[in-house]
Amino acid sequence: MQNIKQYLNKEISTALKECSDIQSSNANVTTSSRPEFGDYQANGIMPVAKQLSANPRELALKVIDYLNDNSIALIETLEVAGPGFINIRLCERSVLSMANDLLSGKNDAISVTDSPMKVVVDYSSPNLAKEMHVGHLRGTIIGDSIVRILEKEGHEVIRQNHVGDWGTQFGMLISFMQEIKRSDTENTPTELSDLEKFYTAAKARFDSDESFSATSRQAVVKLQSGDPNHRAIWEEFIETSLLHCDAIYKKLNVTLGRADLDSESRYNDILGNIIEELELKGLVTESDGAKCVFLPEFIGKDGDKLPIIIQKSDGGYLYSTTDLAAIKLRSEQMMADRALYVVDARQSLHFKQVFALAKSAEIASNNISLEHIAYGTMMGPDGRPFRTRSGDTVKLIDLLDESIARAYDLVTEKNSSLGETERRKIAKVVGIGSVKYAELSKSRTSDYVFEWSSMLSFEGNTAPYLLYAFARINSLLSKSPESNSSIVISSISTDEERSLLIKILQFPEIVNTVSTDCYPNLLCNYLYELAGIFMRFYEACPILKADKRIKSSRIALASLTANTLKEGLGLLGIETLEKM
Ligand code: ARG
């Protein structure tokens, strides 16, 4: 089913085509920038008039006449404005009936798309030698919101957690483990449960001892050629590391499981074929013993072509090689229509090169759209990438626990009469919700400053504000027994009711924009605005004291608002609380 904007756009575009004879005409309908003049506006008349060298206001009038003659559902009035816009006011009856169909459960707010796609979403994708750190937070959360939204719209989503489990660092870890197993020093950290400590100790050894680093390099080769002993130790690391990831995903309520793993190691055996394929197509050049591809569109600062290295001089493969193999799988076997890569913006060049090479070498078919969903860096208050005081990376699990602890203090301060269990429960939802919302509500492409005080604030565009708004509506509904029966929104007697109702009906439009462009902050803005419009309605329109009919209509409206907030937060991966 189409949302209102799509419906209006289709109808008005048809009228514009009829009136102009230009088949490519697009009415370009948007939500109105001046709600006092209309709910939507069509901006597409002027460019068409220009093509015809006609007067845009006259063309707009023709379009309006055409639409009036064909009495289009949903539209109450149409008006020409400014140099040739059309202001559109929706008809109250249609709006009410749409809303009541949602309320009764006859229609879903987000209806299933007519053109479902198969979408691979590569997200989270940490490197496994270490525990997940704050740098993995944004990709994990943004990716998870995108998959929820795509699935809600009826697309087939294939989650891919492209974990780094095959790099040179594993040679170092394996050698260090072997060394520990041989000696019996008590002070060496054999416990893998603290991967971080283990990694640091191994790295120190690697940096300070040449023979150890040589052994480490041989260990990678042995691992990659299938030596069972090396493989067994490696598996131990991977399992421990994955257990850490599982714990994080569970705590974050992120929908990634073991079945979604798309480990780098999985591609080991086909990397050689990728090189061969590129060689056969005549794309490979040797440079200093390494195999490279030079594409004309990638030029460095000095004017020379930039290489895409696909095999090192020692025979080792690279990140790019694995990504080419993954693209082949996603395109040829999964036959995806879109492959989204929710990865740090600092990898932009990598993806530009790999995508371009995959397309030109026909590793990716023409049908697949390869998209880097880039996100900016999380900065500390000092404006540098977020780190601990001592300059170490912050473990993600520690950050999440701190957020829950801070939320617990906040809840205790606000509502000390609540029981301990209740407060713990609220703290978990608020703590995790706040971290997630803080990431999601910023435009993903920009860097942003991570700040406890603003993300845990009850004011502004934050999770606590929205969760609290939702809980408040629920408390209102719980005071009104009517809310349990099948009530309807029967009239819109004030501007506040009208704005709220129309805002609710615009929910699927926003969701659709996010599934196309992958900017979840637009959904956050929408929910924040919705909560604000609800508050204005709540202040201006008495509910519990109103006449019976109006009371039940307003309760129905409140209930629809609550449903929308809950569903919207759910699409962001954020849980709600009935009470707070
Ligand atoms: N493991 C990589 C990293 O931590 C991210 C992988 C992203 N996905 C991909 N297909 N390259 O930087």
Side-chain angles (χ1 to χ4, degrees), residues 119-144 146-147 157-170 173 195-196 199 203 220 234 237-238 241-242 244-245 248-249 254 256 260-268 270-271 274 308-310 316-334 336 338-359 363-364 368-378 385-386 393-396 439 444-445 447 518:
V119 191
V120 168
V121 186
D122 180 321
Y123 73 105
S124 194
S125 309
N127 289 334
L128 293 187
K130 291 191 186 183
E131 284 178 45
M132 285 176 78
H133 57 82
V134 295
H136 297 117
L137 189 58
R138 276 198 114 177
T140 304
I141 291 173
I142 293 175
D144 205 54
I146 292 171
V147 298
V157 173
I158 305 174
R159 294 164 173 73
Q160 294 283 270
N161 192 357
H162 191 74
V163 295
D165 65 345
W166 208 235
T168 43
Q169 69 275 37
F170 286 98
L173 293 173
L195 268 183
E196 229 38 45
Y199 185 92
K203 182 81 170 58
V220 191
W234 171 79
F237 276 108
I238 299 302
S241 201
L242 286 175
H244 282 290
C245 297
I248 296 263
Y249 296 150
V254 156
L256 274 175
D260 307 313
L261 281 176
D262 172 49
S263 323
E264 284 183 6
S265 59
R266 163 185 190 184
Y267 296 99
N268 188 47
I270 59 164
L271 297 178
I274 296 284
I308 306 169
I309 309 174
I310 50 171
Y317 300 108
L318 291 107
Y319 187 45
S320 312
T321 332
T322 318
D323 260 328
L324 288 168
I327 291 179
K328 195 175 171 69
L329 180 84
R330 292 165 192 191
S331 173
E332 271 175 23
Q333 284 177 36
M334 296 178 171
R338 295 175 79 185
L340 310 181
Y341 292 76
V342 188
V343 186
D344 195 312
R346 288 170 287 191
Q347 295 191 23
S348 285
L349 179 62
H350 164 77
F351 285 110
K352 277 201 191 107
Q353 290 188 319
V354 166
F355 292 169
L357 176 52
K359 287 280 180 182
I363 284 175
I368 190 171
S369 152
L370 302 167
E371 304 168 41
H372 178 201
I373 309 301
Y375 56 82
T377 308
M378 169 167 157
F386 193 84
T393 47
V394 178
K395 280 195 206 176
L396 191 45
E439 301 282 346
R444 68 169 158 79
T445 41
D447 294 347
C518 303

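Values in this document were obtained by computation on a predicted structure and should not be read as measured data. The first residue of the sequence shown is numbered 1, and numbering continues consecutively from there. Read the numbers this way: they start at 1 and go in the same order the structure lists the ligands and their atoms.
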Which residues share a salt bridge (charged side-chain N to carboxylate O under 4.0 Å, His left out) with Arg444, sequence neighbours left out = none

Leu271: what forms a side chain to side chain contact (heavy atoms under 4.5 Å, CB included) with it, not counting sequence neighbours?
-> Tyr267, Tyr317, Thr321, Thr322, Ala325

Under the side chain to side chain contact (heavy atoms under 4.5 Å, CB included) rule, collect the residues that match up with Ala356, sequence neighbours excluded.
-> Leu295, Glu297, Phe298

Does the ring center of Phe355 lie less than 6.0 Å from the ring center of His372?
-> no

Dump all N/O pairs between ligand 1 and the protein below 3.5 Å as a table: atom names plus distance, one pair per row.
{"from": "ligand 1", "atom 1": "1 (N)", "to": "Ser125", "atom 2": "O", "distance (Å)": "2.9"}
{"from": "ligand 1", "atom 1": "1 (N)", "to": "Asn127", "atom 2": "OD1", "distance (Å)": "2.8"}
{"from": "ligand 1", "atom 1": "4 (O)", "to": "Asn127", "atom 2": "ND2", "distance (Å)": "3.4"}
{"from": "ligand 1", "atom 1": "8 (N)", "to": "Asp122", "atom 2": "OD1", "distance (Å)": "3.2"}
{"from": "ligand 1", "atom 1": "8 (N)", "to": "Asp122", "atom 2": "OD2", "distance (Å)": "3.4"}
{"from": "ligand 1", "atom 1": "10 (N)", "to": "Asp122", "atom 2": "OD2", "distance (Å)": "2.8"}
{"from": "ligand 1", "atom 1": "10 (N)", "to": "Asp323", "atom 2": "OD1", "distance (Å)": "2.8"}
{"from": "ligand 1", "atom 1": "11 (N)", "to": "Tyr319", "atom 2": "OH", "distance (Å)": "2.7"}
{"from": "ligand 1", "atom 1": "11 (N)", "to": "Asp323", "atom 2": "OD1", "distance (Å)": "3.4"}
{"from": "ligand 1", "atom 1": "11 (N)", "to": "Asp323", "atom 2": "OD2", "distance (Å)": "2.8"}
{"from": "ligand 1", "atom 1": "12 (O)", "to": "Gln347", "atom 2": "NE2", "distance (Å)": "2.9"}

Keeping the roles fixed (side chain from Ser331, backbone from Ile327), state whether a donor-acceptor pair exists under 3.5 Å.
-> no

Any luck finding a side-chain donor-acceptor pair between Tyr249 and Asp260 under 3.5 Å?
-> no

